[in-house]
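Encoded as structure tokens, the structure appears first; notes follow it.
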Amino acid sequence: MPKLIQAEDVVTNFYTYEGVVKALNKVGLVVDHGATFGLVGESGCGKSVMVRSMMRIVQEPGQIEGGKVVLFFNGDQQQEAVDLLQQSEAYMEDLRGNHISMIFQEPNAALNPIMSIGDQISESFLFHRKKEMSKKILEDLSADDCRVFLPLKKLQQTLYTIAADNPKSFILIICSKIPILSLWQRRLKREALQRSIDIIRKLSISNPSETVHRYPHNLSGGMKQRIVIAIALACHPMLLIADEATSNLDVTIQAQILELLKDLKKTEIASILLITHDLGIVAETCDRVGVMYAGNLCEVADVEKLFQNPQHPYTKALLESVPKFSQEGRLRSIDGAVPNLVSPPSGCRFHPRCSHAMEICKQTFPEEIEIEENHMVACHLYVK
Amino acid sequence: MLAFITRRFLFMFVVVFGVSVLIFSILMTFSPERRAAVYVRSPQQAQNLPQLVESLGLNDPFYIQYFRWVKELTHFNLGYSVVAARPVWDAFKSFLPVTLELNLYSVPIMIIVGIWLGTISGIYHDTYIDHITRIFAIIFWSLPTFLFALILLMIFYGYFEVFSPGIISDAYSVYIHDNPDKYTQYTHLLTIDGILNGRFDIAWDAAKHLFLPVVTQVMVIIALLLRVMRSSMIEETSKDYIMTARAKGADKKTINFKHARKNALIPVVTVAGWLAAFSMSGSIEVEVIFTRQGLGWWLANAAIQLDIPVIMAMCMFMGIIIVTANLAVDILYAYIDPRIRLS
Ligand SMILES: Nc1ncnc2c1ncn2[C@@H]1O[C@H](COP(=O)(O)OP(=O)(O)OP(=O)(O)O)[C@@H](O)[C@H]1O
Ligand SMILES: [Mg+2]
């Protein structure tokens, strides 16, 4: 499968009063076109920071300090590869929500409480689909059955022609600021709202044309999460990042949302990067899995391989800590605590908790090696 | 929305009633003789104090006296002000425009500038812009108003002789008083009347007299609003929905001004409403120091001379202003926040 996005050696630090939190220590991962990639690991290991770094939306005081995030627009062809970390902020604004979108853990907090659902979804279209929508409006305007007062029609046609050509045109910005003239955007907003209704209809929300006029506090948690998904899906992104999108929902809703994501992957989006704590979800939905520990990626493999043949001691421990029906006696947990990322352990960050720790683990950071096809491990137990 | 406003409006009357009972109860803690003394104008009357108490019904039960007082109130019969040497209502009508004019300029300035500076300071928090505004805020917040006013007077009146205390220069004051046919007092606000009469020199003179009082009144409140707005803005920009907006592809301007600021305004609206109400109900320090004969000046003098009818009337007035401001805040709240609208 061709690659869709490839992150290499990403380093992200948070400059806090307690010191520098070294949240990501050269993490790399590859998501293939059409694949579902699962990212697992204990709380605080840097999963969210990793995906936010890939979209360049790390919150303050975080700083992405190194590495590459290469997005392949057209399969694997090198000429269409773009290193996102080198691009301007304006380029990223264009890209976010358009080619890569994200959905979040806490649906209750992820929506703006004082903006209507319709407005929040419309924003996606207004940011990224202005050109296309303007063209459609122009067609509507020139249709015979369109009855608008003629000079007004001329004015609208002029403005929408400009918008179809260059939505960020200076004239349009000025027009949007002048009270009465700013009404020209009405058709655009109406079109965006119509598209919002269409998209939430696809997510099987009942009564979409009424829902768009409601506010987040009127909706249930599962419903809000669907809206968050609708916002992310609005512009048919190539990659959807789901940061624990189901963790805070109850089990039935969780299943519905996962089912929805699976369906959407067939029809709407190319790839999904799924962050979760739940290894069951990973087993069910993902093709490939990455295991993170304290700001490092320790192991990446296809799902079956990882579950059947885990190699990294941390992965083994993680899999053993999952409760099973057949299990007798106590549940195994991993000894020790997650390290403080302000002053992480030297060498391999897992060595203080690792039962196989050797002298070299304390000194050098293990290189990632491919121990079998498509199965990478970063551990000194294995040598090339 | 309409039901909401109606409900709030009715509630306002209940509160005003409560305020009036409270004020009247405080008045009733004075002995009947003490209250009768207010009506005494000559030595003979003073000897007949018991009869006066009797004739005014000051020994009657509380509720009868209260209803009598309310009845008088509805006829704008608020008693006689010793300080102003006029009936309270007449005096009130002449002092009100002075205070109104001061607040007409200071309230919008303090709200707009306070919120604007707070927004900027919140967006650029921990940068030098933020440090400068914060130093400014701390200085003005901790500097007593009277001291700041005196410093301003010292510099601009004492040293540069540009802005003087008072309301308007004497010559103009006499002119306005003597020429009611040439100079109409439409609003009794000097700056506005000046413009309406085409006498820009009068308007300019009044504006010059307003400058220092407005600056004094505005500074402290801007400092306060700025701090509230700044922290509210910082809090909002770290919320999850901001992350959603960023992931959607929103630019910095949309995030800060469309998403964060509107949410950040919710707590600020309350504070701003209260501050506006307080400064409306008489800016005592400012009016006393700049000898502007407005409500605050009147109240200060009435308090010194125990001019009870004035104090009562002003308490009632403040109550009404604050209740009205509350209503305005509630409506504004409902306008900004859909969660309030329905509950
Ligand atoms: N705003 C921040 N300021 C300081 N440190 C932060 C900030 N955000 C994250 N970190 C640090 O980065 C590390 C990784 O955090 P991250 O949120 O990515 O964890 P996570 O794997 O997503 O955990 P969870 O499963 O709980 O979501 C944490 O150790 C945390 O201390
Ligand atoms: Mg997380």
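First the proteins, then the strands, lettered A, B, ... as listed; each starts at 1.
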> Which residues satisfy the side chain to side chain contact (heavy atoms under 4.5 Å, CB included) test with Tyr15(A), sequence neighbours excluded?
Replying inline: Asn13(A), Val20(A), Gln63(A), Glu65(A)

>> Using heavy-atom distances under 4.5 Å, tell me whether Ala260(B) contacts chain A through its side chain, its backbone, both, or neither.
In response: neither

>> Salt bridge or not between Glu93(A) and Lys252(B)? Use side-chain N to carboxylate O under 4.0 Å.
In response: no

> If you tally heavy-atom pairs under 4.5 Å against chain B, which of Ser124(A), Ser101(A), Pro113(A) wins?
Replying inline: Pro113(A)

> For Tyr91(A), does the OH atom sit with more than 12 other heavy atoms under 6.0 Å from it, leaving out its own atoms?
Replying inline: yes

> Would the number of heavy atoms belonging to other residues, nucleotides or ligands and lying under 6.0 Å from CD1 of Ile171(A) be above 12?
Replying inline: no

> Roughly how far apart are Tyr241(B) OH and Ile114(A) CD1, rounded to 0.5 Å?
Replying inline: 7.0 Å

>> Are there over 12 heavy-atom neighbours, none belonging to Gln59(A), within less than 6.0 Å of that residue's CD?
In response: yes

> Quick one: CZ on Phe104(A) to CE on Met243(B), what's the gap to the nearest 0.5 Å?
Replying inline: 6.0 Å

>> For Ile266(B), which atoms come within 4.5 Å of any heavy atom of chain A: side chain, backbone, both, or neither?
In response: side chain

>> For a side-chain contact (heavy atoms from CB on, under 4.5 Å) check, start with the C-alpha distance between Lys258(B) and Glu123(A), then their side-chain angles and the critical distance, and finish with the verdict.
In response: CA-CA 11 Å; Lys258(B) 193 169 165 198; Glu123(A) 267 197 334; 3.1 Å; yes

>> Measuring from atom CE of Met55(A) to atom CZ of Arg246(B), what distance do you get when rounded to the nearest 0.5 angstrom?
In response: 9.5 Å

> What part of Leu95(A) is in contact with chain B, defined as an atom under 4.5 angstrom from a non-hydrogen atom: side chain, backbone, both or neither?
Replying inline: neither

> Atom CD1 in Ile57(A), atom CD1 in Ile242(B): separation rounded to 0.5 Å?
Replying inline: 12.0 Å

> Side chain, backbone, both or neither: which part of Val51(A) has an atom under 4.5 Å from a heavy atom of chain B?
Replying inline: neither

>> Heavy-atom cut-off 4.5 Å, strictly under: side chain, backbone, both or neither for Leu111(A) against chain B?
In response: backbone

> Considering only heavy atoms, which portion of Lys239(B) lies under 4.5 Å from any heavy atom of chain A: side chain, backbone, both, or neither?
Replying inline: neither

> Rounded to the nearest 0.5 Å, how far does NE2 of His217(A) lie from CG of Asp337(B)?
Replying inline: 8.0 Å

>> Please find the pair of heavy atoms, one from Pro338(B) and one from Tyr215(A), that lie closest to each other, and give the distance.
In response: CG-CD2, 3.2 Å

> Does any heavy atom of chain B fall under 4.5 Å from the side chain of Arg52(A), the backbone, both, or neither of them?
Replying inline: side chain

> Are more than 12 heavy atoms from other residues, nucleotides or ligands located less than 6.0 Å from atom OH of Tyr128(B)?
Replying inline: no

> Met102(A) and Ala247(B): which non-hydrogen atoms are nearest, and at how many Å?
Replying inline: CB-CB, 4.1 Å

> Once you round to the nearest 0.5 Å, how far does CG of Asn98(A) lie from NZ of Lys248(B)?
Replying inline: 14.0 Å

> Using a distance-only test with no angle check, is there a side-chain donor-acceptor pair under 3.5 angstrom linking His259(B) and Gln120(A)?
Replying inline: no

> Contact part of Thr237(B) toward chain A, heavy-atom cut-off under 4.5 Å: side chain, backbone, both or neither?
Replying inline: neither

